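Remember, it's 1-based here, ligands and their atoms both numbered in the order they're listed. Every value quoted in this text rests on a predicted model; they were computed, and no experiment measured them. All residue numbers refer to positions in the sequence shown, counting from 1.
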Amino acid sequence: LLDISWFTESMSAGHPVQILDRHKVQVQQADEVEVAVFSVPSYACQRRTSLDNRNTVLTDALSLLAENAELSDQDGRGVAFRRAAAVMKSLPEPVTSMTQLRGLPCLGEHSLRVIRDVLENGASREVESMKQSKQYKALKVLTGVFGVGAKTAARWIREGIHTLHQLRNSGHTLNRAQQAGLEHYDDLNQQVSKAEAEAIQQIVEEVVASVLPGAKVTLTGGFRRGKLMGHDVDFLITHPEEGKEVGLMSKVVSWLESQGFLLYQKTTRNSYLVSDDSPALPPSNMDRFERCLSIFKLAQDQPHRAKQLGALPLDTAEHRRGDSGLQTDQDSCSQRIQTPGGQEDTKPWRAVRVDLVVSPISQFAFAVLGWTGSKLFERELRRWAGQEKAMSLSSHALYDNKKRKYLQASSEEEIFAHLDLEFIPPSERNA
Ligand code: DCT
Ligand code: MG
């Protein structure tokens, strides 16, 4: 359970060692001061990481360095800082001294330097000066526009564009996503609450039930891991009968569009085929499902309405529809969400990023595992599968490279078992 060999050899040097729990051992040192020394397994998918982070100052610093590396198109450095931050997130207690970190995995020289600075000075000088840098500020502002990635932002910065005002006046032709991103910039850079996510879930469930009875909607992403806030809302839709889900996305999107719920949407088709002789893995695990990236128009009082709705008995569907404002009649719907007088600050709706994904039931367990996150937890699951088990994991399938066959699973638990991993519930995948 605990790998403390490094520790007993290098540190305890004859002092009594007491195992406290899975991630901590206590050493009685010669001077009688007790220090908790942490021990964690090296892959994030072997660890339980709840939302109760005891080291937020350290993880915020490391996460900012990770973000800056990703925004600067340095993914390798980004992953290294993400891994270091994830190790700190999994620790059961606040770190108070560098000795406690001896032998922990994923802490490179640079991360250790940052941690030391925070422990000794309360903040990392490198992180503080990065936050103030013109380059970082411009990257944050520009990639904050939906549809703008690190490469585009870097190109604009090289042309001297650092602000939204400069972007608007640059004469650049923006694509449809970027135009919507600029238009709804403030809303999309404001966090989405759990109540707002639930309100959108209610709308999505209603439309899915009406176009394909029996289809199931699952809230995935950060909200499934128990987060109270997120940058978007992620849904996975399936039907218990294989094949029934075909054509579902276009019907759902048409309905939402006709009711004025979508400010922007882009749907991509399912292009994944399981072939008999090869794993047929997509280049990324994200892009082979039928998927709709959208910007939802959510009425501001929708969370409140959703709560009221939830309290009503099931047999009042007719009544519910009238009460909730989820009319199937276009006029009444658009009336409800139109801006009276067109004043921005009083607009009774907000824009929210919503991702809809449709999966056939045969791939559902892999899809729900792949879409629950966190991003690092997913990356580590795939790395574990490849490096430790000679398997290829995606959000469609698991392929055993030695046995040369796909391993079937109808639940997340079965996938963890195939991978020889202890099951980690969604609320403990917050790496
Ligand atoms: N995902 C992944 N790899 C990516 C992008 C996403 O594995 N490159 C998975 C993990 C999380 C899930 O998809 C949803 O993605 P996000 O919405 O970006 O993540 P989140 O955890 O839901 O974050 P937030 O709460 O901020 O929305
Ligand atoms: Mg999300």
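Heavy-atom contacts of Asp232 reach the following atoms of ligand 1: 17 (O), 27 (O) (cutoff under 4.0 Å). Ligand 1 places these atoms under 4.0 Å from at least one heavy atom of Glu378: 7 (O), 10 (C). For ligand 1, the atoms sitting less than 4.0 Å from at least one non-hydrogen atom of Gly373 are 10 (C), 11 (C), numbered in the order shown with element in parentheses. Of all atoms in ligand 1, numbered sequentially from 1 with element shown, those under 4.0 Å from a heavy atom of Gly370 are 7 (O), 9 (C), 10 (C), 13 (O). Atoms of ligand 1 found under 4.0 Å from any heavy atom of Asp234 (numbered from 1 in listed order, with element): 14 (C), 17 (O), 22 (O). Close contacts of ligand 1 with Gly221, meaning ligand atoms under 4.0 Å from a residue heavy atom, involve 22 (O).
Taking the six-membered ring wherever Trp is involved, the centroid distance between the rings of Phe289 and His396 falls below 6.0 Å.
Salt bridge status for Arg383 with Glu388: absent, with no side-chain N to carboxylate O gap under 4.0 Å. Ion pairing between a basic and an acidic side chain is recognised when a charged N comes within 4.0 Å of a carboxylate O; Asp187 and Lys297 show no such pairing. Using a cut-off of 4.0 Å between Lys/Arg side-chain N and Asp/Glu carboxylate O, Arg125 and Glu128 are scored as not salt-bridged. The pair Arg77-Glu70 does not meet the salt-bridge criterion, since no charged nitrogen lies less than 4.0 angstrom from a carboxylate oxygen. Remark: Glu196 engages Arg350 in a salt bridge, criterion side-chain N to carboxylate O under 4.0 Å.
Closest approach of Leu107 and Leu101 over heavy atoms only: CD1-CB, 4.1 Å. Pairing each heavy atom of Phe223 with each of Val192, the nearest pair is CZ-O, 3.5 Å.
Residue contacts with ligand 1: Arg225 is included, with a non-hydrogen atom under 4.0 Å away.
Considering backbone and side-chain atoms alike, Ser374 places every N or O at 3.5 Å or more from each N or O of ligand 1.
With sequence neighbours left out, Glu412 forms a side-chain contact (heavy atoms from CB on, under 4.5 Å) with Arg224, Val368, Leu369, Thr372, Phe423, Pro426, Arg429. Considering only residues two or more places apart in sequence or on other chains, Cys292 meets the side-chain contact (heavy atoms from CB on, under 4.5 Å) condition with Met249, Val253, Gln265, Thr267, Ser294, Leu356.
Listed by first and then second residue, the salt bridge (charged side-chain N to carboxylate O under 4.0 Å, His left out) pairs involving residues 144-153 are Asp73-Lys151 (not counting sequence neighbours).
Of the listed residues (His231, Arg429, Arg382), the one carrying the non-hydrogen atom nearest atom 26 (O) of ligand 1 is His231. Within the set Lys375, Arg353, Gln191, the minimum heavy-atom distance to atom 19 (O) of ligand 1 is found for Lys375.
Shown here are the protein N/O/S atoms lying under 2.8 Å from the Mg ion (ligand 2), water excluded: Asp232 OD1, Asp234 OD2.
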